[in-house]
There are 2 protein chains.
Amino acid sequence: MSQPVVRRLPVEVVSSSAGAVPTTIAISVVGKLTDKPADVGDTKRRILDAAEELFMEHGFEATSLRLITTAAGVNLAAANYHFGSKEELFQAVFTRRLDPMNNDRMALLAAYEAAADGEPLTCERIISAMFIPALKLARDHEQGGKNFLRLLGRAYADPAPFIREFLSRQYAEMIGRFRAAFAEALPHLPREEVSWRLHFVMGALSYTLAGSDGLKLISQIRPEDVDNDELLLKRLAPFLAAGLRAPVGTAQDQQQWFSESD
Amino acid sequence: MSQPVVRRLPVEVVSSSAGAVPTTIAISVVGKLTDKPADVGDTKRRILDAAEELFMEHGFEATSLRLITTAAGVNLAAANYHFGSKEELFQAVFTRRLDPMNNDRMALLAAYEAAADGEPLTCERIISAMFIPALKLARDHEQGGKNFLRLLGRAYADPAPFIREFLSRQYAEMIGRFRAAFAEALPHLPREEVSWRLHFVMGALSYTLAGSDGLKLISQIRPEDVDNDELLLKRLAPFLAAGLRAPVGTAQDQQQWFSESD
DNA sequence: AAAAAGTTCAAACGAGCGTTTGAAACAAGC
DNA sequence: GCTTGTTTCAAACGCTCGTTTGAACTTTTT
């Protein structure tokens, strides 16, 4: 009854970072768990797939292991056998896709920077480096990439401490790199303001990806566009780029914003 | 063992909408439940206060009625006696503060419009109408307004269907009014684009209010500012105003954003 | 082919959940 | 002061939860 060997997959990110301007950035989406031709690791993958979908649909607390294992067509005890606990299963669902995505983001940013030849990047370019790997997942219909983006957006707002700590850990490196890039792109902006705006960017991104269809509909977003993550990101990106470039307000300006009297 | 009489409070919003430019907008934050001098309705209020804090801290599913009633210092059965069910208690927590806040928002918007004398409002003005009532709650330290804003932000991302439907219902009217105002303020923008951008504004607002402290810290937001909702809103507002005014991209522009090759 | 290691399975454990019950305590009206 | 209606209380109900168990089955190693 020992735990199975943990399979660590090498994350392969092709970043043509040296020398010439990259004309194409190749990005690995996620590694398939195929050590052997057939169904080795099949149970683990089936549990992960079912968990990803059900956690997305109902949240962590409201999703029982019985629901997951039934949907996956495996025995209840398999979840604890392969992942140890429900919390560890939840984290496994995330690391499977989040690590590659964030690595892709950083590799893409590095490739852009290498291509820029020392010049600071535009905000649009940096936002692209954040969004393109997410878009890869959104476009990934065979595997559950679409589900995962929603799950990710919702996990951001989940109050469970272990989720918050886990996400902070997973994001720390990527956020640091992008903060530095934005700071270079916006040299007139105080570093503190850059930090806030990066926070707003991450927030708008995760919220809109997680967004309730109902709330989209009362904003009168067309029903056929509600599920279209690609369209969403293409509209969100210019919105955020403009926000990032907003002139920094003086204390006087800020006072004026929220004074209730003239 | 009959249900107690539901006390419906009149929401009083003073909107000096007629004629002259309003120099001061008076806003009722929330009515106290004091039918009688002393502790009538005290049990209900204690349960609501405890529920507000605990739902904020742990989420709906992870907060048990036993936890709430113990924190409130009342008997377990009191929750079901006064509110019927856990779901109805949750909704009661929201209506207590959300209805007044959204009414204040609409009244403030109407007052601004009346003062503008037919001219379209600026984006900043409209955003102020959204943010000031929220700021009132954030500044409200005696009552649990601060907790409530976080709870609200997190509820937006909660997957539970009854929560999503409830919030959609609560927000429908207010969103409709503000969409119309933004459409007037941004006449060059297609109505569809206005809907999307309003959605982004609501998203950024709720996410940043709900935001995990940990995620704020890895964005290198100063620890002493993490809990400062007022500072947050003052920085968020110019960011969003700039985003709202962003030029609308052509199909060509959008293509360029996410193409992986030049 | 035997032994070892890894994996699946049905069943159960103890704990916590939302809700209900019926009696006790309290308040107001006559 | 008794009645009536409201509120509180301790206790329990039925159910689902995450996790554990030990035997059966399968795969790999020797």
Side-chain angles (χ1 to χ4, degrees), chain A residues 1-7 33-48 50-51 54-55 57-93 158-163, chain B residues 1-7 33-48 50-51 54-55 57-93 158-163:
Chain A
M1 192 137 309
S2 63
Q3 289 295 331
V5 181
V6 175
R7 288 188 207 76
L33 292 167
T34 48
D35 294 335
K36 284 282 162 19
D39 58 351
V40 174
D42 193 50
T43 300
K44 285 187 75 167
R45 190 189 48 73
R46 289 164 70 101
I47 293 174
L48 284 174
L54 291 168
F55 281 143
E57 198 170 349
H58 305 115
F60 177 74
E61 295 283 350
T63 305
S64 70
L65 289 178
R66 284 168 176 81
L67 204 62
I68 293 171
T69 51
T70 301
V74 304
N75 187 272
L76 167 62
N80 283 297
Y81 174 74
H82 283 287
F83 298 97
S85 70
K86 191 185 176 188
E87 287 196 5
E88 288 170 280
L89 168 59
F90 188 81
Q91 296 183 0
V93 168
D158 200 296
F162 90 93
I163 295 179
Chain B
M1 193 131 315
S2 64
Q3 289 295 332
V5 180
V6 176
R7 289 188 208 77
L33 293 167
T34 48
D35 293 337
K36 285 279 159 25
D39 58 351
V40 174
D42 193 50
T43 300
K44 283 186 76 167
R45 190 189 48 74
R46 289 163 69 98
I47 293 174
L48 284 174
L54 291 168
F55 280 145
E57 199 170 348
H58 305 114
F60 176 75
E61 295 283 351
T63 304
S64 70
L65 289 179
R66 282 167 178 82
L67 204 63
I68 293 172
T69 51
T70 300
V74 304
N75 188 272
L76 167 62
N80 283 295
Y81 174 73
H82 284 286
F83 298 98
S85 69
K86 190 185 175 187
E87 287 196 5
E88 289 170 280
L89 168 59
F90 187 82
Q91 296 182 359
V93 168
D158 200 296
F162 91 92
I163 295 179

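In this text, all values refer to a predicted model and were calculated from it rather than measured experimentally. Chain letters run A, B, ... following the sequence lines, proteins first and then strands; every chain starts at 1.
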Side-chain heavy-atom pair B:E57, B:L54 within 4.5 angstrom cut-off
yes
Once you round to the nearest 0.5 Å, how far does NE2 of A:H82 lie from OG1 of A:T69?
12.0 Å
What is the distance, rounded to the nearest whole Å, between atom CD of A:E87 and atom P of D:dC17?
17 Å
Round to the nearest Å and state the distance from B:L76 atom CG to C:dT19 atom P.
10 Å
Whole angstroms only, please: what is the NE2-P distance between A:H58 and D:dT16?
15 Å
Indicate whether OP1 or OP2 belonging to D:dT16 is found under 4.0 Å from a side-chain N or O atom of A:S64.
no
Which residue lies toward the 5' end of DNA chain C, A:A77 or B:K86, if each is placed at its nearest nucleotide?
A:A77
Take atom CZ of A:F83 and atom P of D:dG18, then tell me their distance rounded to the nearest Å.
15 Å
Side chains of A:Q91 and A:F83 in contact at under 4.5 Å (non-hydrogen atoms)
no
With heavy atoms under 4.0 Å as the rule, sort B:T69 into base, sugar-phosphate or nothing.
nothing
Quiz question: going by heavy-atom distance under 3.5 Å, is there a donor-acceptor pair between the base of C:dG18 and the side chain of B:R66?
yes
Between C:dT7, D:dC17, C:dG18, spot the one nearest the side chain of B:L65, thanks.
C:dG18
Find the distance B:D42:CG to C:dC26:C1' and express it as a whole number of Å.
15 Å
With a 4.0 Å limit, can you tell me whether B:S85 has a side-chain N or O closer than that to the phosphate oxygens OP1/OP2 of C:dG18?
no
Rounded to whole Å, the CG-P distance (A:N80 to C:dG14) equals 17 Å
Kindly point out which of C:dC17, C:dG6, C:dA10 is positioned nearest to the side chain of A:Y81?
C:dG6
Quick one: are A:E87 and A:F60 in side-chain contact, heavy atoms under 4.5 Å?
yes
Classify B:A78 by what it touches in the nucleic acid, base, sugar-phosphate, or nothing, heavy-atom distance under 4.0 Å.
nothing
Rounded interatomic separation in angstrom, taking CG from B:L67 and C1' from C:dA15:
15 Å
Can you check the A:N75 CG to C:dC9 P distance for me, whole Å?
5 Å
Quick check on side chain to side chain contact (heavy atoms under 4.5 Å, CB included): which of B:T63, B:V93, B:L48 does B:I68 satisfy it with?
B:T63
Kindly point out which of C:dT8, C:dT19, D:dC9 is positioned nearest to the side chain of A:H82?
C:dT8
